[in-house]
Amino acid sequence: MAKRKVKYVCQDCGYESAKWMGKCPGCNNWNTLVEEIEASSARNRHTMGRDAKSVSQPESITSVETQKEPRITTSMKEFNRVLGGGIVPGSLALIGGDPGIGKSTLLLQISAQLAEKHLPVLYISGEESIRQTKLRADRLGVTSDLLYVLSETNLFDIVNHIEQTKPAFVVIDSIQTIYREEVASAPGSVSQVRESTSELMRVAKSHGIPIFIVGHVTKEGAIAGPRMLEHMVDAVLYFEGERHHTYRIVRSVKNRFGSTHEMGIFEMKEEGLREVMNPSEIFLEERSQGAAGSTVVASMEGTRPVLVEIQALISPTSFGNPRRMATGIDTNRVPLLMAVLEKRVGLMLQNQDAYIKVAGGVKLDEPAIDLAVAVSIASSFRNQPTKPEDIVIGEVGLTGEIRRVSRIEQRVQEATKLGFQRVICPNKNLEGWTPPASIQIVGVNSVQEALEEGLIR
């Protein structure tokens, strides 16, 4: 007779306790401990031993033979870029995003493209029936016979179907709807998500089948469930964008087989998602000429340079404490750069409200955008527009110096391709390479020099 034990598990971090507590000691969140019943068998504890022949043995690192992992490429180059060149066989990837953002649409399109390459694909939906999935497939124009659809939430049955079908690609939509019978908690709980993901990982590694699982996100934007879920999988992709806008961004935040800062941009159409091959043109197509507070920066997103517009609006405050708001960049970076402008340049910004925005909905987190933000703030405060043919790149130090940035060659090449005539960058970045003849490179050592070069007087 199995012993039944009651425990309380935090639904945010997975912390377990023998009694209920209002505040979780693991993540310090309130009212997240939920009662769960765990069935443990004494017999299972004594059957952990295995045959010595089946246990793997340690090997010398010099004797291990390596070979290049073959990848399964899709017809979407942007999706292949995010994954580091394609789908790795036997990998387990997690993709998360807001409801209605297009996660199921993207994975169904990827499944259809692989099926058209004569690869059997199994699409398992725990949230929709087969007929509902068929309606989406008709809208996307999916007609391949090698795309198999299954509506199931029982993990045991899902594993049996995978082993019987032997597909080349599997999609689980979503992990929060899958349950394991041995776990007594409800689907979507920490225990169910952890155990289901562990079993899917075993299936992916043992059979060499790539599995993509969809994860719900919380109101804070993080993937729901324990943080351990992101540590267990091989790749974590975030689907970003506003449901009321057409552009979507797939960003890699973890990838054991490629770069962790790659970004793919898609446009939502009636017939599905369409990849955007040149995102810089999209982000700059609505830029207004001659407006104060607008600066273009070349930012690196993984291995790709992307040109985006940074806008700033500086206005006198009506409150005791001025407001500092930012969209697309770290909010804490704005008062830091404004303090540098006050101390090193002499701009009186202490009684000014500051609103900073990255046009296009992109999120930038590299220090190379510091100088562009500072130039935008000074341009709006002085009401002097920047030169529209300029690109501004550089990291700003607290003493007002401009520090070097990485991959300046790729940034300049992207600016040249889009017709910009001048690049304002750190003076240290001028060494060791030859810029194109069609663009002028201006090296600066301080924020004051950058403002003298970049603002129209």
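All values below were derived from every heavy atom in this structure, side-chain atoms included, with hydrogens, water molecules and symmetry-related copies excluded. We number each residue from 1, following the sequence as shown.
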Backbone N or O of Ser104 within a donor-acceptor pair of the Asp173 side chain at under 3.5 Å?
no
Can you tell me if Thr73 uses its side chain to pair, donor with acceptor, with the backbone of Gly86 under 3.5 Å?
no
Before giving the answer on side-chain contact (heavy atoms from CB on, under 4.5 Å), spell out for Glu78 and Val250 the whole-Å C-alpha distance, their side-chain angles and the decisive distance to 0.1 Å.
CA-CA 9 Å; Glu78 291 291 295; Val250 178; over 6 Å; no
Does a side chain donor of either Glu128 or Ser151 reach within less than 3.5 Å of an acceptor in the other side chain?
no
Where Asp390 and Val296 come nearest, the two heavy atoms and their spacing
O-CB, 4.1 Å
Does atom CD1 of Ile130 have more than 12 heavy-atom neighbours from other groups under 6.0 Å away?
yes
Please check if any side-chain donor atom of Asp353 sits under 3.5 Å from a side-chain acceptor atom of Ser315, or the reverse.
no
Just checking Arg202: does its CZ atom have more than 12 heavy atoms from other residues, nucleotides or ligands closer to it than 6.0 angstrom?
yes
SB check Arg274 Glu267 (cutoff 4.0 Å):
yes
Provide the closest heavy-atom pair for Pro388 versus Ile456 in the form atom of the first, atom of the second, distance.
CD-CD1, 4.4 Å
When every non-hydrogen atom of Glu275 is compared with those of Phe266, the smallest separation belongs to CA-CD2, 3.7 Å
Quick one: does Ser376's side chain have a donor or acceptor within less than 3.5 Å of a partner on Ala372's backbone?
yes
How about Lys363: does its NZ atom have over 12 heavy atoms from other parts shown lying under 6.0 Å from it?
no
Heavy-atom count around Lys117 NZ within 6.0 Å, excluding the residue itself: above 12?
yes
Salt-bridge criterion met for Glu301 and Arg304 (N-O under 4.0 Å)
no
Counting only heavy atoms from other residues, nucleotides and ligands, does the tally under 6.0 Å from CZ of Arg403 exceed 12?
no
Could you walk me through whether Val447 and Leu337 pass side-chain contact (heavy atoms from CB on, under 4.5 Å), step by step?
CA-CA 10 Å; Val447 178; Leu337 294 175; over 6 Å; no
Check this for me, if you would: do Glu453 and Lys387 make a salt bridge, where the nitrogen-to-carboxylate-oxygen distance has to be below 4.0 angstrom?
no
Is it the case that the side chains of Ser294 and Glu309 hold a donor-acceptor pair, with the cut-off being a distance below 3.5 Å and no angle test?
yes
Is it true that a side-chain atom of Arg382 and a backbone atom of Leu455 form a donor plus acceptor pair closer than 3.5 Å?
no
Just wondering, more than 12 heavy atoms not from Glu271 lying within 6.0 Å of its CD?
yes
For Asp138, does the CG atom have more than 12 heavy-atom neighbours from other residues, nucleotides or ligands under 6.0 Å away?
yes
Near-ring test Phe212/Phe169, centroid separation under 6.0 angstrom:
yes
Flag for Glu262-Thr303: side-chain donor and acceptor within less than 3.5 Å
yes
Keeping Glu449 on the side-chain end and Asn445 on the backbone end, is there a donor-acceptor pair under 3.5 Å?
yes
Under a 3.5 Å distance rule, please check whether Lys205 uses its side chain to pair with a backbone N or O of Gly90 as donor and acceptor.
yes
Look at atom CG of Asn28 and say whether more than 12 heavy atoms of other residues, nucleotides or ligands are closer to it than 6.0 Å.
yes
